[in-house]
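A short write-up of the structure that comes next.
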Amino acid sequence: MYVSKNLDVNSDGHLTIGGMDTVKLAEEYGTPLYVVDEELVREHCRSFRSSIDNYYGGKGLACYASKAFSCKAMYRIMKEEGMGIDVVSGGELYTALKADFPMEKVCFHGNNKTNDELKLALESKVGRIIVDNISELERLDRLAGEMGITADIMFRIKPGIDAHTHDFVKTGQIDSKFGFALETGEAMEAVKAAVKCENVKLTGLHCHIGSQIFDIDPFVCAAEVMLKLISSIKKELGLEIKELNLGGGFGIKYTEKDNPTPYDSYMKTVSEKVKQVCAEENISLPFIYIEPGRSVIAPAGITLYTVGAVKNIPDIRTYVSVDGGMCDNPRYALYKSEYEIVAANRAAEPRTEIITVAGKCCESGDLIGEGMAIQPVGPGDIMAVLATGAYNYSMSSNYNRIPKPAVVMVRNGESRVVVKRETLDDIIRNDLD
Ligand SMILES: *Cc1c(COP(=O)(O)O)cnc(C)c1O
């Protein structure tokens, strides 16, 4: 009925998530509120893991790209589900450390890691550092040398695949700030440079071709390009690259228009291609990493707001303002991302109204969406924005000094706060008198 399968309507006509009444959750915890269905998150992890077991003999690791939603509870869940994780900053790494996440299953990404971040990664013994550029390679080699350790690294490669997605989230093509270009020979030069470094060991190659991708073809294509590079490295330098990290970017259903491919078929098709190309090129089957972010968490989350002012501008549009906005969900302002909405306390009624959902920030562009269908709503109603689990809390800000909402997880008929709501005192905690 709704975009995410964990949502339903109960006998009170209220929207439920993971079986829990969202109107009661809004009453208990206040709004705005992020709600995450923990069981669905775990289910996604299991399906990624089992697809590697089923189609690739378990010779791989699914790493949750934690920039999608990072907090200690999330890293603990990932640990329990046997996932690896990606981090892209010292902050994410520190959070994972504090959650006792096993560091050998961490991949550390980023196009401009600072020396402090690299040192923290080395000290914490993260499994793989994904090196993005030559200056990082040199700095890392020196830092590892100073610490008397060898860093296991992968190189981020731009495989030059156009994944037909939104321009802002396209990272595979040559015009990108991420990684080494293939066509120009930059990637091969980097491999040669790594061989000369005494304190780093190149274990693998990485690519990430974009985000919210529905097609399997670009992934298959990227895998092929990467394996051919691994093959030419073997031929030219006699160096065997044993790991291939194929990144994330698997699409999810935000609205009825979206039609994502089941994760299972992704791994099935990609595994077949990998086995085929490895046989043709006479290279051994690499250990494969995949890095789902959005697809692990987005469908499991919703945001609950309380409706405030409703402004009907005849023949133009109706603005329905909520008690959050771009401060907790900047994705419409950033990318014109589309969402489905529901009046949580009137979920059994048909969605007959077309509205623009506005936030409470002092920006005309502070919208959650335009042309959205919803039940008739007025002040005091609870509005749910669906599939907000990814890139919402993690992209939230204190713009206008608005405190960040709490994050509540639901599972087995129980709810618990995993991130506290910010208070006004939190807002001034770093201000000096
Ligand atoms: C963002 C990112 C991902 C995850 O992308 P999703 O679209 O959320 O699946 C994976 N790997 C890298 C390197 C990323 O930057």
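Counting convention: from 1, in listed order, for ligands and their atoms alike.
- With respect to the salt-bridge test (charged N to carboxylate O, under 4.0 angstrom), the residues Lys5 and Glu43 qualify.
- Legend: residues meeting salt bridge (Lys or Arg N to Asp or Glu O under 4.0 Å) with Lys253, ordered by chain and number and at least two apart, are Glu256.
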Under a 3.5 Å threshold, I'd like every N/O contact between ligand 1 and protein atoms, with atom names and distance.
| residue | atom | partner | partner atom | Å |
| --- | --- | --- | --- | --- |
| ligand 1 | 7 (O) | Ser211 | OG | 2.3 |
| ligand 1 | 8 (O) | Arg294 | N | 2.7 |
| ligand 1 | 8 (O) | Tyr391 | OH | 2.5 |
| ligand 1 | 9 (O) | Gly249 | N | 2.8 |
| ligand 1 | 9 (O) | Gly293 | N | 3.0 |
| ligand 1 | 11 (N) | Glu291 | OE1 | 2.7 |
| ligand 1 | 15 (O) | Lys67 | NZ | 2.7 |

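- Using a 3.5 Å distance cut-off with no hydrogens or angles, the side chains of Asp323 and Thr31 do pair a donor with an acceptor.
- For the 3.5 Å distance criterion, the side chains of Tyr75 and Ser66 qualify, holding a donor opposite an acceptor.
- With respect to Lys119 and Glu146, no salt bridge is recorded, no charged nitrogen being found less than 4.0 Å from a carboxylate O.
- Rounded to the nearest 0.5 angstrom, Ile216 CD1 and Thr261 OG1 are separated by 4.5 Å.
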